[in-house]
Amino acid sequence: MQEHKSDNYLVKTEVNPDSYMQRVKYHCLECDYEGKTKANLKIHEEINHDGVVYSCNKCNHQARNKSNLTLHQKSQHEGVRYSCSLCDYQAAQKKYLKMHTKNKHEGISYSCNQCE
């Protein structure tokens, strides 16, 4: 494994002898986080260490990253909804529609890790 340090992260490169491929990991210097890309590390740092907040220009909502702000704006201000093809349920985000479908129509239930 090779390591080199940049200004604000550590790069570790591993070579898999069976596949001759390299795996690069970007390690945060402030915590145990490691990302597959430099961009993921940057997002991690902005959210967890730099205190970056993205504010909605139409209401008081604040998000910790741009993608969550975009999801908020689409669902709350643009009225984007994802409809279930099996019932009348509508979700504000695709992930909620997937959870609904699995839970209500495929019998897959999700348990709370804080409840017994």
Side-chain angles (χ1 to χ4, degrees):
M1 179 183 327
Q2 295 178 335
E3 293 184 7
H4 74 272
K5 191 174 180 180
S6 181
D7 292 339
N8 56 352
Y9 60 90
L10 177 68
V11 179
K12 291 185 179 179
T13 307
E14 297 176 358
V15 178
N16 183 341
D18 296 330
S19 68
Y20 302 105
M21 296 195 60
Q22 290 186 347
R23 184 177 3 166
V24 177
K25 295 179 184 175
Y26 295 84
H27 292 262
C28 179
L29 296 178
E30 296 185 44
C31 69
D32 292 336
Y33 174 84
E34 64 179 30
K36 291 182 180 180
T37 67
K38 193 174 175 180
N40 286 349
L41 177 62
K42 182 177 183 214
I43 291 168
H44 159 80
E45 289 172 340
E46 285 180 351
I47 292 170
N48 295 289
H49 304 301
D50 298 342
V52 173
V53 175
Y54 295 88
S55 298
C56 180
N57 60 2
K58 296 182 180 176
C59 71
N60 307 3
H61 181 79
Q62 292 186 323
R64 292 183 72 189
N65 60 51
K66 256 185 186 176
S67 61
N68 284 347
L69 178 61
T70 300
L71 288 172
H72 160 78
Q73 290 172 331
K74 285 183 177 183
S75 66
Q76 300 303 311
H77 302 299
E78 296 173 19
V80 173
R81 294 288 182 264
Y82 300 91
S83 298
C84 179
S85 61
L86 302 171
C87 70
D88 292 335
Y89 177 80
Q90 290 190 335
Q93 296 180 21
K94 283 182 186 180
K95 68 179 180 180
Y96 298 133
L97 177 59
K98 287 180 183 179
M99 287 174 59
H100 159 81
T101 303
K102 287 180 179 182
N103 189 316
K104 298 295 182 187
H105 303 299
E106 297 174 10
I108 298 171
S109 62
Y110 299 91
S111 60
C112 176
N113 62 1
Q114 296 179 358
C115 301
E116 294 185 43

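Note: hydrogens, waters and symmetry copies are ignored here, and every other heavy atom, side chains too, is used.
- With values rounded to the nearest 0.5 angstrom, Lys95 atom NZ is found 11.0 Å from Lys98 atom NZ.
- Taking Lys74 as the reference, Thr70, Glu78, Val80 meet the side-chain contact (heavy atoms from CB on, under 4.5 Å) condition, with sequence neighbours excluded.
- In this structure, the side-chain contact (heavy atoms from CB on, under 4.5 Å) partners of Gln90, at least two apart in sequence or on a different chain, are Arg81, Ser83.
- If you run side-chain hydrogen bond (donor to acceptor under 3.5 Å, both in side chains) between Tyr54 and each of Arg64, Glu46, His61, only Glu46 comes through.
- At least one side-chain heavy atom of Leu97 sits less than 4.5 Å from a side-chain heavy atom of Tyr89.
- Lys66 NZ to Asn68 CG: the interatomic distance, rounded to the nearest 0.5 Å, is 13.0 Å.
- Here Tyr33 pairs with His44 under the ring-ring contact (aromatic ring centres under 6.0 Å, His included) rule; sequence neighbours left out.
- Residues passing the ring-ring contact (aromatic ring centres under 6.0 Å, His included) test with Tyr82, sequence neighbours excluded: none.
- Remark: Asn103 engages no residue in a side chain to side chain donor-acceptor pair (under 3.5 Å) (not counting sequence neighbours).
- Residues Asn57 and Gln73 meet the side-chain proximity criterion, which asks for heavy atoms closer than 4.5 Å.
- The side-chain contact (heavy atoms from CB on, under 4.5 Å) search around Leu86 returns Cys84, His105, not counting sequence neighbours.
- The NE2 atom of His27 lies 9.5 Å from the CG atom of Leu41; values are rounded to the nearest 0.5 Å.
- In this structure, His77 and His72 have perpendicular ring planes: the angle between them is above 60°, well past the 30° mark.
- Here NZ of Lys42 is found 9.5 Å from CG of Asp50. Values are rounded to the nearest 0.5 Å.
- The two residues Tyr26 and Thr37 have their closest heavy-atom pair at CD1-C, 3.5 Å.
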